[in-house]
Amino acid sequence: RGRPAEIVLAQDNRTGGISYWQARDHQSVADRFGVSLAEYIHALFGLMLQRRPRHVLMIGCAGGTLATMLSRAGILVSLVDIDPLSFEIARRYFHMPEDVNCHVRDGADFLRRTKTRYDAVILDAFADTIIPPHLLASGFFRLVKSRLNRGGVFLVNIVVRDDDDPAPDRIARTMRKAWRQVRLLDADGFVNRNAVAMGGAVKGLERPRLLMKPAHGSRALEKSLAQLCFRPLRRAQT
């Protein structure tokens with residue numbers, strides 16, 4: 001096994017905001033109260049609040065900013081990550097509440113073992129900038145579906161290189177093997193952007209708005225969220 005990736009936590013002395021890096025991965029960025037400054041976190045948050053879930057399972061912790069925001073909105077959050085250090089960082093530096101239930105385990109293994117059903121499952125897990133392949137397999141998506149309540153939704157955060165990157169459409173097509181309703185929220189024209197693939201009861205979801213303003217950076221977040229839109233899936237490249 002290789003050496004653990006170096007972790008860097010950097011604080012902005014002017015705003016009190018904090019960033020969390022692990023090797024090449026920019027894990028999280030938040031204001032001094034733990035509210036995210038990343039537009040995709042606010043997109044996931046805005047989509048979640050439209051569904052009014054009672055219990056959300058998140059796979060992937062990083063700084064725990066989305067878990068923090070959902071908890072503050074009165075939603076029960078269970079969080080799964082293979083790295084226990086991520087939970088410590090999220091609580092100590094990003095103000096993640098104690099009522100977020102943390103489990104040290106691989107996401108697929110956790111779902112196989114649990115009998116709990118959730119109103120939503122969110123996948124935001126990366127290893128060296130890529131989502132672990134076993135968490136993108138059709139069998140995993142069917143496992144997620146089996147742990148969702150009726151009317152539940154599944155959201156996946158995807159890093160997109162550019163408009164020619166086939167990843168979001170490939171993932172969404174695989175999700176269609178588990179769910180009839182699958183949608184993509186994306187912003188064409190940007191490199192190294194985030195997109196959200198979603199399945200389940202997602203037909204009525206609208207473009208997310210900024211619902212929890214951070215201490216600074218709200219205008220930039222609102223502008224970024226306004227550029228997101230639902231788009232049709234593109235044909236598979238041959």
Side-chain donor or acceptor of [X] paired with backbone N/O of [Y] under 3.5 Å:
X    : Y    : result
D124 : N157 : no
Q181 : K203 : yes
S224 : A220 : yes
D162 : V191 : no
R142 : A137 : no
D31  : A215 : yes
R105 : R113 : no
R51  : V202 : no

Less than 4.5 Å apart, any side-chain heavy atom of [X] and any of [Y]?
X    : Y    : answer
C102 : M96  : yes
V153 : M48  : yes
L136 : R170 : no
Q27  : I89  : no
V159 : N194 : yes
R147 : T114 : yes
H216 : L37  : yes
P166 : R161 : yes

More than 12 heavy atoms from other groups under 6.0 Å of [atom1] on [X]:
X    : atom1 : answer
R209 : CZ    : no
F126 : CZ    : yes
R117 : CZ    : yes
I82  : CD1   : no

Quiz item: Is D186 salt-bridged to R193, going by a charged N under 4.0 Å from an acidic O?
Solution: yes

Pair R231 + D169: basic N to acidic O under 4.0 Å: yes

**Request:** Over 60° means perpendicular and under 30° means parallel, so classify the ring planes of H26 and W21, tilted if in between.
**Result:** parallel

Going from [atom1] on [X] to [atom2] on [Y], what distance comes out if it is rounded to the nearest 0.5 angstrom?
X    : Y    : atom1 : atom2 : answer
H95  : T68  : NE2   : OG1   : 9.0 Å
L143 : L111 : CG    : CG    : 5.0 Å
D81  : F87  : CG    : CZ    : 5.0 Å
L185 : Y40  : CG    : OH    : 14.0 Å
T116 : N101 : OG1   : CG    : 10.0 Å
D106 : H134 : CG    : NE2   : 3.5 Å

Do [X] and [Y] belong to the same hydrophobic cluster, where Ile, Leu, Val, Met, Phe, Trp and Tyr are linked whenever their side-chain heavy atoms lie under 4.5 Å apart, directly or via other members?
X    : Y    : value
I131 : F141 : yes
V196 : V160 : no
L211 : V56  : yes
F154 : I41  : no
V77  : L44  : yes

> When you look at F140 and I59, which way does the side chain to side chain contact (heavy atoms under 4.5 Å, CB included) test go after all the steps?
Replying inline: CA-CA 12 Å; F140 174 72; I59 300 173; 3.8 Å; yes

H55 versus S78, side-chain donor and acceptor atoms under 3.5 Å:
yes

task = Start with the C-alpha distance between W179 and K145, add both sets of side-chain angles, then the distance that settles side chain to side chain contact (heavy atoms under 4.5 Å, CB included), and finish with yes or no.
result = CA-CA 8 Å; W179 292 277; K145 184 178 181 180; 3.7 Å; yes

- Please test V156 against M175 for side chain to side chain contact (heavy atoms under 4.5 Å, CB included), starting from the C-alpha separation and ending with a verdict. CA-CA 10 Å; V156 185; M175 289 172 61; 4.2 Å; yes

For [X] versus [Y], what's the shortest heavy-atom pair and its separation?
X    : Y    : answer
S28  : A62  : OG-CB, 3.5 Å
A125 : G60  : CB-CA, 4.1 Å
L57  : F110 : CD1-CE2, 3.8 Å
A73  : L49  : CB-CD1, 4.4 Å
L221 : S36  : CD1-O, 4.0 Å
E206 : F230 : C-CE1, 3.7 Å

Stepwise side chain to side chain contact (heavy atoms under 4.5 Å, CB included) test for L9 and F94:
CA-CA 11 Å; L9 294 162; F94 288 89; 4.2 Å; yes

